[in-house]
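All residue numbers refer to positions in the sequence shown, counting from 1.
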Amino acid sequence: MVYEAKWFTPKVAVIWLSMCNMINYLDRGIISGAGTSIKGCLETSDHCSAFKVKNCTSGSHHHKDQQCTHCPVCSSCNLNQTGFGINTQELGYLQSSFMVGYAGAGLLFANMVHKVQPFRLIGIALSLWVIAVVMCGLSGFYCKRSESKLCDMYYMLLFGRMLSGVGEAAIAAIAVPYIDDRVSPERKGIALATYFTAIPVGTALGFIWGGKITEIFAGKWEWAFFIEAPFMVPFAISAFFIPHRLKKHKKSAMDAVAINSSEASPRDPVDVDETETKPLLPSDPDKNDENSDGLTEKSFWSHLYGCITKPVYLTMVFGYAAYTAVLSGLAFYVPLFIQKNRPCDSAWDYTQSQADFVTGAIVAGAGFVGTLIGGHMVDRAANEKDTRRTKLVYLNRQLVAQIIVSTGVALLAVVTVKPVGLFLVLGIACVLLFTSTAGINLVINWSVPTESRAMGIAVSNVCIHAFGDVPSPVAIGALDDITTPKLTMFFTLLWLCWTVVLWIACWFLSWRLPK
């Protein structure tokens, strides 16, 4: 007998997963939001004394000389350390280190989801996430400075960020296939859009949260972690009690004829909509053999092979990685860019808190609007009677158009002179970029065999982190340490060209799939 509580409806499931995702990304945004305070300033390691401040009056950054630069925390070059005394590249390591926990846990959860109750996995992962966040706060709380004012707890914070990736891994591996199974076809796009709006909104709230909590507690950024940890505790506990066994879907008559008829020609798994024949999990994980309709369970390597041998899947995922690298890079660098660009121009005289708020407002507003628009576009276009090939061709064509326009608009940010122009261009570019979120994940979900969807999502997330938002802050931080803010921003946005090329290839490959 299948256990499924009536109260945990598809709508409740989407809201529950979205809230977990939002809190996770709020946590991811704290490093950027409180970055200047976490980074601190130390003359010997942060090159503060090397800044050439020309013709600036004391206490002011206003002058016509465009070469005038300053260190935001200690512009007078006093060793009044408020953080770890690290450079921008080391700050980038903190932003990216979650990938260490995520990479291993994501693949592990994707394989275990066929054997273990999925929400129990989420409960375990979120419990570890809470421990990791508390550890991050303790790294600042117990930060002991020697006579040289160097803090020796940087690596504790680094380890805490690594461990936090485990929580995200469980949600990411399970949420999309779960929504794909539970939500009706005509609402699938908007459901996925709702789930993915948590990424820009959560990240933006993290900017604001990190900056404001640091400001309220007089530079004590660790309280941003301490206060957020209790938000996830109810979700971590409730996950152990949420019904987790999915209702067994019945085969449609059309599927039965196509699959069982001896006259039916074999088809590539990508063209068979298997969602109605085999859901994410068996009806009862403890009775696999009784409820699998004769379908044997695949091994980890079989699921992995079923994903990495699909050209449509691979080109979409690697394009998505470049796309993620740019979005993550902007989230990390825009607050710093606002503070460092044209420092002698009074129009650009923004504090850390102000830069965080503006960046957060842009990302949250544009991300929320863009993701929902993209979800509606998918729902309006997706016809359940169409084959997967037809759906993939349409979605890829839509994604190519979106990324080409987005890239062109985003590059205009480099030539803006006034901050208002920068905010307007970035806002429009982010709306356009986020319209592709639902479409990207449906292409990934539909380009692999149905029983391998969890693995497909997990591998995709590992790739976009490994080649996207993990190296992006580190590379941008290293580039910012040796060049100007304008050039750093330009090369960051230029990386979208890889997405354009790969998604065009994905579109053409989808045309070549069997009809």
Would you find a donor on one side and an acceptor on the other, under 3.5 Å apart, between the side chain of [X] and the backbone of [Y]?
X: Y313; Y: S460; value: yes
X: W511; Y: V393; value: no
X: T371; Y: G367; value: yes
X: N24; Y: C20; value: no

For N441, all residues meeting side chain to side chain donor-acceptor pair (under 3.5 Å), sequence neighbours excluded
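Partners of N441 by the side chain to side chain donor-acceptor pair (under 3.5 Å) criterion come out as none, since no residue qualifies.
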Once you round to the nearest 0.5 Å, how far does [atom1] of [X] lie from [atom2] of [Y]?
X: I23; Y: L205; atom1: CD1; atom2: CG; value: 10.5 Å
X: L327; Y: S472; atom1: CG; atom2: OG; value: 9.5 Å
X: T359; Y: I338; atom1: OG1; atom2: CD1; value: 3.5 Å
X: I444; Y: L314; atom1: CD1; atom2: CG; value: 10.5 Å
X: L509; Y: M316; atom1: CG; atom2: CE; value: 10.5 Å
X: C506; Y: I440; atom1: SG; atom2: CD1; value: 10.5 Å

How close do [X] and [Y] get, heavy atom to heavy atom, and via which atoms?
X: I403; Y: T407; value: O-OG1, 2.7 Å
X: S406; Y: L432; value: OG-CB, 3.1 Å
X: A132; Y: S164; value: CB-N, 3.5 Å
X: A229; Y: V134; value: CB-CG2, 4.0 Å

Show every donor-acceptor pair shorter than 3.5 Å between a side-chain atom in residues 192-202 and any protein atom, with sequence neighbours excluded, or say none if there are none.
unit_1 : atom_1 : unit_2 : atom_2 : d
T194   : OG1    : I190   : O      : 2.8
T197   : OG1    : T194   : O      : 2.6

For [X], side-chain contact (heavy atoms from CB on, under 4.5 Å) partners two or more places apart:
X: T435; answer: I373, Q402
X: V400; answer: I404, W503, I504, W507
X: A478; answer: Q89
X: I15; answer: K11, M19

Salt bridge (charged side-chain N to carboxylate O under 4.0 Å, His left out) against K220, all qualifying residues, sequence neighbours excluded:
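Checked K220 against salt bridge (charged side-chain N to carboxylate O under 4.0 Å, His left out); zero matches.
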For L157 and I38, what are the C-alpha separation, side-chain angles and deciding distance, and is it a side chain to side chain contact (heavy atoms under 4.5 Å, CB included)?
CA-CA 10 Å; L157 177 58; I38 294 173; 4.2 Å; yes
Run the numbers on F235 and I122 for side chain to side chain contact (heavy atoms under 4.5 Å, CB included), then give the verdict.
CA-CA 9 Å; F235 294 96; I122 291 178; over 6 Å; no
Should M162 and L158 be marked as a side chain to side chain contact (heavy atoms under 4.5 Å, CB included) after you check the CA-CA gap, both sets of side-chain angles, and the distance that decides it?
CA-CA 6 Å; M162 292 177 185; L158 190 67; 3.8 Å; yes
Greater than 12 external heavy atoms within 6.0 Å of Y25's OH:
yes
Are there over 12 heavy-atom neighbours, none belonging to F508, within less than 6.0 Å of that residue's CZ?
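Count not over threshold, so no.
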Got a sec, which pairs hit side-chain hydrogen bond (donor to acceptor under 3.5 Å, both in side chains) with one end in residues 485-495, sequence neighbours left out?
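Listed once each, the pairs would be none.
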All pairs passing side-chain hydrogen bond (donor to acceptor under 3.5 Å, both in side chains) where residues 322-338 contributes a residue, at least two apart:
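Qualifying pairs: Y323-S436, Y333-D480.
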Would you check, one step at a time, whether the test side chain to side chain contact (heavy atoms under 4.5 Å, CB included) holds for K340 with T484?
CA-CA 9 Å; K340 297 177 68 173; T484 65; over 6 Å; no
Mind jotting down which residue pairs meet the ring-ring contact (aromatic ring centres under 6.0 Å, His included) criterion with at least one end in residues 462-493? Sequence neighbours excluded, please.
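Sorted pair list: F98-H465, Y102-H465, F318-F467.
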Strictly by salt bridge (charged side-chain N to carboxylate O under 4.0 Å, His left out), give each pair with a member in residues 18-31 just once, sequence neighbours left out.
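Every salt bridge (charged side-chain N to carboxylate O under 4.0 Å, His left out) pair that includes a residue of residues 18-31, provided the two are not neighbours, is D27-R161, R28-E168, R28-D469.
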What residues, two or more places apart in sequence or in another chain, satisfy ring-ring contact (aromatic ring centres under 6.0 Å, His included) together with F217?
W223
